[in-house]
Amino acid sequence: MREKKSAFYCKLKMEELIIQAVIKGIASIYGAEVDVNSIQPQKTRKEFEGDLTVVVFPFTKISKKSPEQTAEDLGNYLVEHVSQITDFNVVKGFLNLSIAAEYWIKELENINQHQQYGKAAPSGKTYMVEYSSPNTNKPLHLGHLRNIFLGYAVAEILKANGHSVIKTQIINDRGIHICKSMLAWQKFGKGETPESANLKGDHLVGKYYVEFDKAYKKEINRLIEEGLTKEVAEKEAPIFKEAQEMLRKWEQGDEEVVALWKKMNGWVYEGFDVTYKTMGVDFDELYYESDTYLLGKSAVEEGLKKQVFEQKEDGSVWCNLSAEKLDDKLLLRADGTSVYMTQDIGTAIERYKNHPNLNGIIYTVGNEQNHHFNVLFTILKKLGYKWAEECHHLSYGMIALPDGKMKSREGTVVDADELMAEIVNDAKKMTQERGHLDGLSQHEKEQLYAQIGLGGLKYFLLKVDAKKGMVFNPEESIDLNGNTAPFIQYAYARIQSLLKKANELNYSSIYTNVELNEEEITLIKLMKDYPIVLHEAGANISPATLCNYIYELVKTFNHFYQNIPVLREEDKNKLAFRLVLSENVAKIIALSMKLLGIEVPTKM
RNA sequence: GGUCUCGUAGCUCAGCUGGAUAGAGCAACUGCCUUCUAAGCAGUAGGUCAUAGGUUCGAAUCCUAUCGGGAUCACCA
């Protein structure tokens, strides 16, 4: 679904107008045709005069003149033939065009008329966005936060691009790792419950996952001392064998094991619900691995029939991927049991059965599974599923701690609940120090701390290109100055304050004749970009693109705010215009932050 | 070893579908609150865009190679 920017870019009227005029201009001046793609109007850099710039180097072959002369010729033609172009100047091969002020005023009017400015018309397409996908043997950690915030933001951005979106997660609720927690609880838990331990259910279960690992390691060491090699010891440790036995019983539907499994998973879900609520995310549809882990076998049979897969002598089934320069992939073991890939093939097909109008699935999964998804999509395509073309692995980089990887077995993780509580507490401290809290109720104050803290955390994780890995130092609290959510929220709050005062003073926001200054034009140009950026963020599945844009917009607004009076302006026309301008900046901030899952406060 | 990916200021990152003198934030230093919220604004300093070639009128951006970091190449999930 990756798409070139230019295709969309050209739909914007001013740029399109210029492109058409340049084509005509070249034809009229030099009598030749130019390639449309070689005309790319771009914003004029701030150090030069003008609003839009056309690079004329590509035309010099046609004109057989110097870049300067070519630009000069074209500039004269454009000023003469395009009424919105008022002036031009030439710097080397760059033709800088000045656009009439009325154009910018109209642009703002257009923005002002749309409450949902930037939102695309319905595309008729439906995408499923899978994110979170937790294991039910431990609480969520920082890595999940990145995953979940990313997936949520992508889902919202796609919606704003006019697509229908189904948010989903696949819950990894079965398997050996789950049995480990269950077994350790059975052995060492003494009937402990979330209530009795006064612990969130997911944390309680996670505690026993760590307990298992401790006991397991002890047994391994004992066996090694008894003379076994490490590999053998790992397989022979009694507690490990017990866990395997428990998994077998679960698969056979053993009542006692299943009851324990249900009880402990129930605790975990209660815990997850609380965490998700704090995070402010939701899902439309849930898939449980215990329901899906046997899926895919019929797809394998179908693949065998179509000769997409092949069966070896031992009965195992493989997909030959040498044409794709990938290693062959096993899909069914000799004993007929399936592997992870089989299950993912089955689940994808199941999802299309449930939603026949689905155009694609976006999987938000760490980059350690790049290869897995590459193979998955390749196999689905081989099986002839057309929708596989629009499946996408939203791959994100791992978050490491200063001393290395996070390991949940060893308990060296940054816990999601703790981190969120800490950052909200930081926000509380900072907010109280500033003391702009008059007139807020206790509830409103708490809400504000949460908006700032969680907003800061989300933005911190979203502003970096997803594919990049990052190191998180728990000692250094997350920065809330500079390119951060509070910076953006603050600008929003200041605008709200302006609007409130204007309202109290009964200032009109109706203007007739206005002269624009540079700061205002710069702002409108950026605001006009919002739909383009939103489209780009959707096409590239990149919330970071949106973050960068908001930051740029806010910086530009702050510059305006600092230098240009609004309420203190004596010319009532200008005052009204600036109110409308500010209000619409705030609107774009709120709309775009909402897509990132970040709230904006009216006061801070 | 094969494949993929990243390498831009002391640190964290933008910019990467080729365009002008490579931009922010943090940290350091300097100004600006009797004036719309100083979580702000303005400024100083800080760069061989990993390295070497190539394509181009033009390369941080595209191609090739090399170096360095990460991921992956399971009958684990």
Of the listed B:rA20, B:rA14, B:rC41, the closest approach to the A:N548 side chain comes from B:rA14
Taking the C1' atom in each of B:rC67 and B:rG31, what is the distance between them to the nearest angstrom?
45 Å
Mind checking the C1' distance from B:rC16 to B:rU35? Whole angstroms is fine.
44 Å
Any side-chain N or O of A:K325 under 4.0 Å from OP1/OP2 of B:rU3?
no
May I ask you to check whether A:D344 and A:H372 show a side-chain donor-acceptor distance below 3.5 Å?
yes
Within the structure, does a side-chain N or O atom of A:R174 lie under 4.0 Å from either OP1 or OP2 of B:rC76?
no
Could you check whether A:D173 and A:S290, counting side-chain N and O atoms only, form a donor-acceptor pair closer than 3.5 Å?
yes
Check whether any side-chain N or O of A:K61 sits under 4.0 Å from OP1 or OP2 of B:rU56, and answer yes or no.
no
Which residue is it: A:L330, A:V300, A:L332, A:V375? I am looking for the one with a side-chain contact (heavy atoms from CB on, under 4.5 Å) to A:M341.
A:V375
Mind calculating the distance between CD (A:Q369) and P (B:rU72) to the nearest angstrom?
9 Å
If you only use heavy atoms from C-beta on, which nucleotide in B:rA77, B:rA24, B:rU5 is closest to the side chain of A:H177?
B:rA77
What is the nucleic acid contact for A:N172, judged by heavy atoms within less than 4.0 Å: base, sugar-phosphate only, or nothing?
sugar-phosphate
Among the nucleotides B:rG19, B:rC36, B:rA24, whichever has the atom closest to the side chain of A:L498 is B:rC36
Side chains of A:Y30 and A:D73, donor plus acceptor under 3.5 Å:
yes
Under the 5.5 Å and 30° test, is A:F57 stacked on the base of B:rG58?
no
Nearest listed nucleotide, side chain of A:Q562, among B:rG40, B:rC73, B:rC36:
B:rG40
Would you mind reading off the distance between A:D328 atom CG and B:rG2 atom P, rounded to a whole angstrom?
19 Å
Counterpart base for B:rC41, defined by Watson-Crick or G-U wobble contacts under 3.5 Å
B:rG31
Using the P atom as the point on both nucleotides, what is the distance between B:rU5 and B:rA65, in whole Å?
13 Å
So for A:N96 and B:rA20, does any side-chain atom that can act as donor or acceptor lie under 3.5 Å from a complementary atom in the base?
yes
Close side-chain approach of A:Q169 to A:Y287, heavy-atom, < 4.5 Å:
no
Under 4.0 Å, heavy atoms only, any strand: does A:L331 hit a base, just the sugar-phosphate, or nothing?
nothing
With sugar-phosphate meaning primed atoms plus P, OP1 and OP2, does A:S395 contact a base, only sugar-phosphate, or nothing at under 4.0 Å between heavy atoms?
nothing
Within the structure, does a side-chain N or O atom of A:H371 lie under 4.0 Å from either OP1 or OP2 of B:rU3?
no
Under 4.0 Å from OP1 or OP2 of B:rG7: is there any side-chain N or O of A:K468 that close?
yes
What is the nucleic acid contact for A:M398, judged by heavy atoms within less than 4.0 Å: base, sugar-phosphate only, or nothing?
nothing
Identify whether any heavy atom of A:Y490 sits under 4.0 Å from a base atom; if not, whether one sits that close to sugar-phosphate; answer base, sugar-phosphate or nothing.
base
Verify the distance criterion only: is there a donor paired with an acceptor across the side chains of A:D51 and A:S98 at less than 3.5 Å?
no
Starting at CD of A:Q42 and ending at C1' of B:rU61, how long is that distance when rounded to a whole Å?
14 Å
Comparing A:P486 and A:V55 on RNA chain B - which has the more 5′ nearest nucleotide
A:V55
Give the rounded distance in Å between these two atoms: CG of A:N483 and C1' of B:rC26.
11 Å
Between CD of A:E368 and C1' of B:rU5 the distance, given in whole Å, is 14 Å
Applying a 4.0 Å non-hydrogen cut-off, can you work out what A:K463 is touching in the nucleic acid: base, sugar-phosphate, or nothing?
nothing
Hey, does A:I176 reach any base, or is it just sugar-phosphate, or nothing, if we go heavy atoms under 4.0 Å?
nothing
Quick one: A:K467 NZ to B:rC16 P, roughly how many Å, whole number?
11 Å
Between A:D529 and A:K43, is a salt bridge (Lys or Arg N to Asp or Glu O under 4.0 Å) present by the stated rule, with each step listed?
CA-CA 11 Å; A:D529 280 347; A:K43 261 188 271 182; 2.5 Å; yes
Determine the Euclidean distance between corresponding P atoms of B:rC62 and B:rC6; express it in Å to zero decimal places.
9 Å
Taking B:rA22 as the reference, what is the distance to B:rC49 when you measure between their P atoms (whole Å, please)?
10 Å
Using a 4.0 Å heavy-atom cut-off, does A:Y551 contact any base of the nucleic acid, only the sugar-phosphate backbone, or nothing at all?
sugar-phosphate
Can B:rC73 be described as syn, meaning its chi torsion is within 90° of 0, or is it anti?
anti
Can you tell me if the side-chain N/O atoms of A:T60 get under 4.0 Å from OP1 or OP2 in B:rC57?
no
Upstream residue (5' side of RNA chain B) when A:Y561 and A:I452 are each assigned their closest nucleotide
A:Y561
Quick check, are the ring centers of A:Y288 and A:W261 under 6.0 angstrom apart?
no
Quick check with a 6.0 Å cut-off and a 45 degree axis cone: is A:K329 positioned over the face of A:W318's six-membered ring?
no
Roughly, in whole Å, what's the span from CG in A:L440 to C1' in B:rU37?
13 Å
Touch class at under 4.0 angstrom, heavy-atom based, for A:N473 against every strand present:
nothing
Indicate whether OP1 or OP2 belonging to B:rA20 is found under 4.0 Å from a side-chain N or O atom of A:R45.
yes
Out of B:rA77, B:rU37, B:rC36, minimum distance to the side chain of A:H372 belongs to B:rA77
Does a nitrogen or oxygen in the side chain of A:R578 sit under 4.0 Å from OP1 or OP2 of B:rC36?
no
Pick base, sugar-phosphate or nothing for A:N367, based on heavy-atom distances below 4.0 Å to the nucleic acid.
sugar-phosphate
Could you tell me how far B:rU3 sits from B:rC41 if I compare only their C1' atoms? Round to whole Å.
50 Å
Gap in Å between the two C1' atoms, one belonging to B:rG53 and one to B:rG15, rounded:
25 Å
Using a 4.0 Å heavy-atom cut-off across all strands, classify A:D465 as base, sugar-phosphate, or nothing.
sugar-phosphate
Under 4.0 angstrom, heavy atoms only, what part of the nucleic acid is A:P67 near: base, sugar-phosphate, or nothing?
nothing
Could you verify whether a donor N or O on one side chain and an acceptor N or O on the other, from A:K555 and A:N558, lie under 3.5 Å apart?
no
When all nucleic acid strands are considered with a 4.0 Å heavy-atom cut-off, which category describes A:D314: base, sugar-phosphate, or nothing?
base
Using the rule for Phe, Tyr, His and the six-membered ring of Trp, do A:F94 and B:rG19 stack at under 5.5 Å and under 30°?
no
Report the distance from atom OH of A:Y396 to atom P of B:rA71, rounded to the nearest whole Å.
15 Å
Base, sugar-phosphate or nothing for A:T431? Non-hydrogen atoms, less than 4.0 Å.
base
Taking the C1' atom of each, how far is B:rG54 from B:rG47, in whole Å?
24 Å
Considering only B:rC36, B:rU17, B:rC41, which nucleotide approaches the side chain of A:L567 most closely?
B:rC36
